[in-house]
There are 2 protein chains.
Amino acid sequence: MLDAGVRVFSRRGYHGASMDEIADEAGISKPMVYAYLGTKEELFVACLHREGTRMMEAIAGAAAPDLPADERLWRGLRAFFGFVGAHRDGWSVLYRQARAEPLFTGELTVMRARMVEVVAGMLDHALRAEGREVAETELEVVAYALVGATESLADWLADRPEADPEKTATRMMNVAWLGAGQLLQGITWRPPGG
Amino acid sequence: MLDAGVRVFSRRGYHGASMDEIADEAGISKPMVYAYLGTKEELFVACLHREGTRMMEAIAGAAAPDLPADERLWRGLRAFFGFVGAHRDGWSVLYRQARAEPLFTGELTVMRARMVEVVAGMLDHALRAEGREVAETELEVVAYALVGATESLADWLADRPEADPEKTATRMMNVAWLGAGQLLQGITWRPPGG
DNA sequence: GAGCATACCTACTCATGCGTAGGGTTACGC
DNA sequence: GCGTAACCCTACGCATGAGTAGGTATGCTC
């Protein structure tokens with residue numbers, strides 16, 4: 001039933017989806033949907049939650065905390081893109097629909113914050129291993145950028161059924177790691193004339 | 001009048017915005033809106049178009065094509081940040097709305113092509129200067145990642161009034177350039193055991 | 001088999017909001 | 001002063017779709 005919701009929401013968008021169509025897709029009647037999952041808004045949040053949780057679990061399960069940073073990042077990215085590739089509908093619901101609708105931005109902010117926390121923790125861990133340290137804000141910014149870039153590529157992937165998730169993960173890793181790798185070595189770029 | 005549209009659309013979202021409210025915001029009556037700009041859908045496209053064009057011009061104007069690649073990227077990024085920062089309720093919000101709504105995917109494809117053209121063209125130019133060449137898809141992916149990261153940082157910035165835009169742009173440049181810089185040198189990361 | 005609960009459906013109410021019809025107002029020509 | 005034309009308004013028609021009322025079938029208890 002949530003599956004039906006996710007399918008229809010991703011096909012039509014939150015507003016374009018009618019409860020009739022969702023009920024139809026699930027093979028039951030509308031009052032049943034209301035009986036089990038409440039209003040349209042609640043139904044959407046339920047879908048959002050489930051897809052988000054599944055994704056988090058997929059990533060957390062892949063990126064074991066005792067691995068070296070690049071390996072962790074790679075596995076995390078691969079799990080992420082693998083998930084998006086396999087659940088294009090779910091991704092569309094999560095990040096396209098939820099982002100556009102002011103009603104759901106709160107939910108989404110929480111999820112992203114958790115993602116950023118994970119990534120920042122990864123970088124922090126790698127830095128401490130080398131005896132270096134960086135202000136928390138600095139890490140947060142880098143993590144934000146990486147998460148944003150990854151989300152963006154996930155969108156790219158979701159629009160291209162022929163694209164390979166594995167290959168996309170590798171590309172992302174190139175951008176993320178070669179950038180982050182330099183940063184971890186203490187190399188920074190400076191604005192000209194600054 | 002388009003200004004009113006942009007304001008209301010970004011405040012309420014595409015569906016949440018009513019033509020009455022837009023007309024009210026513009027200080028005229030609804031039939032006037034229809035007389036000048038047609039249906040709600042056409043109005044939205046017009047807003048999207050204008051904001052997108054403005055942003056493109058801001059970036060293209062800042063990043064002169066005869067500069068070295070890092071300088072171009074830096075100026076482009078700064079212009080991008082400046083624009084998104086100054087038009088917080090403008091382009092990025094509309095863009096988000098458009099992505100969620102299947103109605104606008106066509107229009108969006110065109111805009112995206114132009115965006116990618118600007119960012120990827122920058123990278124492509126740098127590559128050709130070194131006599132190297134990379135598949136168009138490859139460039140598109142990198143461009144996507146960079147734009148996504150930048151948007152994400154713009155969000156980060158918007159939530160923190162005390163943060164410095166210039167400094168944030170520098171951080172973004174660090175991630176983007178040190179990553180892209182390595183890539184331009186032909187250095188690529190490979191998956192372990194691949 | 002009467003009473004009752006569960007599970008589900010058809011068919012409705014009602015609010016919302018896009019798009020428009022038709023009426024008023026001002027300015028100008030004659 | 002009267003026609004008329006440009007301009008803009010109020011006030012409505014109408015479709016859509018969220019949420020619900022009230023009915024029907026099946027099964028379970030005593």
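Sequence lines set the chain letters: A, B, ... in the order given, protein chains first and strands last, and positions in each chain run from 1.
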_Test log, rule salt bridge (charged side-chain N to carboxylate O under 4.0 Å, His left out), inputs A:Arg7 and A:Asp89_ = CA-CA 6 Å; A:Arg7 275 198 300 276; A:Asp89 288 352; over 6 Å; no
*asked:* Less than 6.0 angstrom from the centroid, inside 45 degrees of the normal: does B:Lys40 satisfy that with respect to the ring of B:Tyr14?
replied: yes
*With rounding to the nearest 0.5 Å, note down the distance linking CG in A:Leu48 to OH in A:Tyr95.*
9.0 Å
*Protein-nucleotide distance (B:Glu41, atom CD; C:dC18, atom P), rounded to Å*: 13 Å
*Report the C-alpha distance between A:Arg99 and B:Asp155 in whole Å, list the side-chain angles of each, state the deciding distance to 0.1 Å, and finish with yes or no for salt bridge (charged side-chain N to carboxylate O under 4.0 Å, His left out).*
CA-CA 12 Å; A:Arg99 260 186 128 181; B:Asp155 279 344; 3.8 Å; yes
*With salt bridge (charged side-chain N to carboxylate O under 4.0 Å, His left out) as the test, would you mind laying out the steps for B:Asp124 and B:Arg128 before giving the verdict?*
CA-CA 6 Å; B:Asp124 189 43; B:Arg128 286 180 195 281; 2.9 Å; yes
*Rounded to the Å, how far apart are A:Lys40 NZ and D:dG17 C1'?*
8 Å
*Compare the minimum distances between each of C:dT20, C:dC9, D:dA18 and the side chain of B:Tyr34, then state the nucleotide with the smallest one.*
C:dT20
*How many Å lie between OH on B:Tyr36 and P on D:dA6, as a whole number?*
13 Å
*To the side chain of A:Pro31, which of D:dT20, C:dC8, D:dT10 is closest?*
D:dT20
*Identify, residue by residue, the members of residues 9-30 of chain A with a heavy atom below 4.0 Å from DNA chain C, and return them in order of residue number, or none.*
A:Ile28, A:Ser29
*asked:* In whole Å, I'd like the distance from the CE atom of B:Met32 to the C1' atom of C:dG19.
replied: 13 Å
*Take the protein atom CG of B:Leu37 and the nucleotide atom P of C:dG19, then report the distance between them rounded to whole Å.*
13 Å
*For A:Glu42 and D:dA18, what is the distance between atoms CD and P respectively, to the nearest whole Å?*
14 Å
_Please evaluate residues B:Asp164 and B:Arg171 with respect to the criterion salt bridge (charged side-chain N to carboxylate O under 4.0 Å, His left out), reporting the C-alpha separation (whole Å), side-chain torsions for both, the decisive distance (0.1 Å), and the verdict._
CA-CA 11 Å; B:Asp164 177 25; B:Arg171 283 163 175 153; over 6 Å; no
